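Chain A is the first sequence line, chain B the second, and so forth, proteins listed ahead of strands; every chain is numbered from 1. What you see is a predicted model, and the numbers here were worked out from it, not measured in a lab.
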Number of protein chains: 2
Amino acid sequence: MVTVHEVARVAGVSAATVSRFLNGTAKVSEEKRQAIESVIEKLNYKPNVLAQNLKTGSSRTIGVLTQSLVSGYFADAMAGIDEALQGTGYAPLIVSGHWHADEEAERIELLIARRVDGLVILSGKLKDAQILKLSQRVPIVAFGRDLSSPRAYGFCLDNYWGACEAVSYLIEQGHRNIAFITGPSDHQDALARLAGYRDTLAKHGIKEQQQLIVGGDFQESSGLLAVERLLESGQRFSAIFCANDLTAYGARLALYRRGIRVPEDISVIGFDDLHSSMYTTPPLTTVRQPLFDVGKCLGRAIVKMIGHEMLDIEVPQLNLVVRESVKRVD
Amino acid sequence: MVTVHEVARVAGVSAATVSRFLNGTAKVSEEKRQAIESVIEKLNYKPNVLAQNLKTGSSRTIGVLTQSLVSGYFADAMAGIDEALQGTGYAPLIVSGHWHADEEAERIELLIARRVDGLVILSGKLKDAQILKLSQRVPIVAFGRDLSSPRAYGFCLDNYWGACEAVSYLIEQGHRNIAFITGPSDHQDALARLAGYRDTLAKHGIKEQQQLIVGGDFQESSGLLAVERLLESGQRFSAIFCANDLTAYGARLALYRRGIRVPEDISVIGFDDLHSSMYTTPPLTTVRQPLFDVGKCLGRAIVKMIGHEMLDIEVPQLNLVVRESVKRVD
DNA sequence: TTGAAAGCGCTACCAA
DNA sequence: TTGGTAGCGCTTTCAA
């Protein structure tokens with residue numbers, strides 16, 4: 001492996017000058033610049049990032065803590081982060097916490113041991129206090145929590161609002177008996193969606209029916225189970241609001257198995273707008289979470305925070321995307 | 001940040017001894033061991049990985065080149081790699097080439113500049129020759145190509161065989177007019193699946209109908225379009241073999257739009273077995289690609305290759321998973 | 001078993 | 001504008 005010194009020697013300059021040329025730290029005379037350039041070319045010299053790291057104390061790496069490597073939801077956000085980091089000289093180091101506080105903490109230690117310059121945290125179970133504490137060691141940008149200290153910034157999407165939109169839409173379409181399949185009860189977003197469901201019902205003077213709210217865990221299987229229970233309970237309902245799209249997929253399958261048509265017999269609405277929701281049968285009406293934009297936002301923010309620049313975040317907004325899984329009833 | 005020297009000073013030993021203790025490089029007396037341990041504990045000392053890297057010339061990082069950060073297909077493989085790397089001291093550095101040879105080459109340079117100890121390449125458009133060349137600089141394990149030099153190992157799944165299975169199954173179920181929606185024509189796997197389709201038809205004495213083979217690109221939209229063309233062509237067919245699951249989703253939606261039932265009117269079979277294929281309506285019969293296992297295999301292989309150990313790879317096998325999108329006809 | 005010392009390849013300071 | 005030099009924090013000889 002060729003080093004600065006070798007380049008310097010061949011080009012007849014000092015290593016310091018080569019370094020200066022490389023980093024644009026100071027002016028280098030035209031003559032030497034050319035000499036250096038051609039030697040770098042000839043020797044195919046590539047600076048050793050590891051040595052740069054050691055010297056500068058920075059790894060030019062951003063740690064990204066996700067909760068799942070296989071979830072389309074998080075994948076979108078990661079793609080956004082990746083895009084935002086492109087061309088900044090920072091590379092993302094991705095680890096997964098699997099929705100488990102201990103594992104998250106452990107992975108973050110691993111990230112810090114690798115001297116990441118910043119951390120992006122995607123949801124998870126860590127307490128805000130823990131994150132604040134961590135932020136003393138490394139600047140943090142988080143999604144799914146409200147934080148705004150100088151070294152820890154975080155934002156949420158307005159899940160409550162999104163749920164209100166979904167339920168209002170159902171009501172506008174004439175639905176009165178609306179079932180809700182919840183997400184995990186220890187999940188902030190899931191709770192907000194439930195609250196939105198309840199409040200919107202109340203706002204429209206619709207009495208909430210306890211039996212129409214059934215537990216789920218954001219996975220397809222729970223949607224399937226929930227609908228089966230709903231159906232067996234004998235409750236009447238014309239629409240189901242699913243806490244997320246995955247749940248809606250499961251719900252839809254349960255309905256299909258019983259020969260119940262969507263949306264003719266029962267309407268279904270989801271939350272998230274995963275890619276595949278455009279191609280379900282029927283295409284799913286759902287509340288879109290602009291995760292890719294969220295990722296871009298996070299990526300940009302962490303770079304700015306590292307550079308001690310002002311964070312001018314524009315938090316992306318949710319919006320209802322109407323497709324074909326909801327029917328108007330009277 | 002506390003350093004070895006500080007630990008050494010407080011513990012009353014030399015830095016070298018601390019290092020030896022940390023790495024188990026040599027015997028350290030019980031007495032000093034305890035002293036060092038307690039000081040490390042007290043000072044909360046964490047070795048600076050960057051410095052270790054510089055010294056040892058290794059970054060304890062594995063570069064992973066994927067083609068898409070949002071594809072469920074690649075995500076599974078990445079999760080497998082992640083699992084295999086767990087506890088080995090190696091962390092994956094993931095970059096995406098977006099199915100573009102130039103971008104792949106560029107990202108790989110970035111990975112090498114960061115001194116990754118090994119490279120895992122997931123498909124892509126790079127030529128085998130390029131990969132072989134690259135492998136002089138860094139050991140490589142690749143998926144989707146057959147390579148077996150000491151520093152570059154690669155394997156494929158038997159897509160041809162998988163396609164034969166799918167088509168044989170359709171034929172067993174009584175189908176004779178089987179349409180095929182292809183993948184991109186410059187994609188190795190897509191070609192193998194097409195060949196499997198053709199050969200299996202031939203093997204059963206079924207004449208291939210040119211009009212039943214329609215172009216696609218592995219995306220949902222192409223499946224949708226393809227079915228529309230198929231339908232408009234007026235050709236008779238009772239089953240569609242889609243080059244991958246995404247295509248099948250699109251095809252299924254096109255059928256749905258026309259009020260054509262699956263599988264009662266037309267059977268559909270896919271390839272890949274993405275997670276969501278279990279929850280489509282009806283659940284999709286498809287050829288399973290065990291991508292998670294592939295990822296585990298790759299992760300283990302690259303670590304072994306770096307350690308100059310024997311690679312004892314057991315290449316995972318495809319298999320047909322029968323669900324509900326194919327009906328028996330007579 | 002231990003310590004001293006010499007770097008790994010780079011950047012940044014200081015002096016010229 | 002340039003070169004010499006001193007480290008960054010660690011590991012690894014070499015001697016003791």
Side-chain angles (χ1 to χ4, degrees), chain A residues 1-37 39-40 43-61 89 91 109-110 112-117 137-138, chain B residues 1-37 39-40 43-61 89 91 109-110 112-117 137-138:
Chain A
M1 274 281 115
V2 22
T3 71
V4 248
H5 292 99
E6 198 155 334
V7 173
R9 192 176 50 72
V10 179
V13 301
S14 76
T17 304
V18 176
S19 171
R20 280 190 280 256
F21 163 72
L22 253 19
N23 304 293
T25 327
K27 284 228 156 58
V28 175
S29 71
E30 182 56 21
E31 171 196 22
K32 308 213 168 195
R33 197 185 60 70
Q34 292 201 341
I36 295 173
E37 259 181 342
V39 173
I40 286 181
L43 267 40
N44 188 26
Y45 167 70
K46 299 270 200 284
N48 183 333
V49 184
L50 264 27
Q52 290 178 320
N53 291 349
L54 176 59
K55 182 64 193 180
T56 61
S58 134
S59 62
R60 303 246 93 195
T61 301
E109 286 304 330
L110 184 144
I112 293 180
R114 284 179 170 269
R115 297 297 194 271
V116 293
D117 298 324
R137 301 204 273 154
V138 58
Chain B
M1 273 283 114
V2 22
T3 71
V4 247
H5 292 100
E6 197 155 335
V7 172
R9 194 176 48 73
V10 179
V13 300
S14 76
T17 305
V18 177
S19 170
R20 280 189 278 254
F21 163 72
L22 252 19
N23 304 292
T25 328
K27 284 229 157 57
V28 176
S29 72
E30 182 57 21
E31 171 196 21
K32 308 214 168 196
R33 198 185 60 69
Q34 292 201 343
I36 295 172
E37 260 182 340
V39 172
I40 286 181
L43 267 41
N44 188 27
Y45 167 71
K46 300 271 198 285
N48 183 333
V49 184
L50 265 28
Q52 289 179 320
N53 290 349
L54 176 58
K55 184 63 194 181
T56 61
S58 135
S59 62
R60 302 246 93 195
T61 301
E109 285 305 330
L110 184 145
I112 293 180
R114 285 179 169 268
R115 297 298 193 271
V116 293
D117 298 324
R137 302 203 273 154
V138 58

Donor-acceptor pair between [X] and [Y] side chains, under 3.5 angstrom:
| X | Y | value |
| --- | --- | --- |
| B:Ser59 | A:Arg114 | no |
| A:Asn53 | A:Lys55 | no |
| A:Asp117 | A:Ser58 | yes |

Nearest-0.5 Å distance that lies between atom [atom1] in [X] and atom [atom2] in [Y]:
| X | Y | atom1 | atom2 | result |
| --- | --- | --- | --- | --- |
| B:Thr17 | B:Leu22 | OG1 | CG | 11.5 Å |
| B:Ile112 | A:Lys46 | CD1 | NZ | 8.5 Å |
| B:Leu54 | B:Asn48 | CG | CG | 10.0 Å |

task: Check DNA chain C against residues 47-55 of chain B and give the residues with a non-hydrogen atom under 4.0 Å, in numerical order.
output: B:Leu54, B:Lys55

Rounded to whole angstrom units, what separation is found between the [atom1] atom of [X] and the [atom2] atom of [N]?
| X | N | atom1 | atom2 | answer |
| --- | --- | --- | --- | --- |
| B:Lys46 | D:dC10 | NZ | C1' | 17 Å |
| B:His5 | C:dA6 | NE2 | P | 13 Å |
| B:Ile40 | D:dC10 | CD1 | P | 10 Å |
| B:Glu6 | D:dG9 | CD | P | 10 Å |
| A:Ile36 | D:dT1 | CD1 | P | 13 Å |
| B:Arg9 | D:dG9 | CZ | P | 14 Å |

task: Return yes when atom CD of B:Glu31 has more than 12 non-hydrogen atoms of other residues, nucleotides or ligands closer than 6.0 Å, and no otherwise.
output: no

message: Is there a side chain to side chain contact (heavy atoms under 4.5 Å, CB included) between A:Arg115 and A:Arg60? Walk through the geometry before answering.
response: CA-CA 9 Å; A:Arg115 297 297 194 271; A:Arg60 303 246 93 195; over 6 Å; no

query: Which residue, B:Arg115 or B:Ser14, contacts DNA chain C at a nucleotide closer to its 5' end, judged by nearest heavy atom?
result: B:Ser14

message: Below 4.0 angstrom, which residues in residues 15-33 of chain B have at least one non-hydrogen atom near DNA chain D?
response: B:Ala16, B:Ser19, B:Arg20, B:Asn23

query: Would one find a side-chain N or O of B:Thr3 under 4.0 angstrom from OP1 or OP2 of D:dG9?
result: no

message: Between A:Glu109 and A:Arg137, does any NZ, NE, NH1 or NH2 come within less than 4.0 Å of an OD or OE carboxylate oxygen?
response: yes

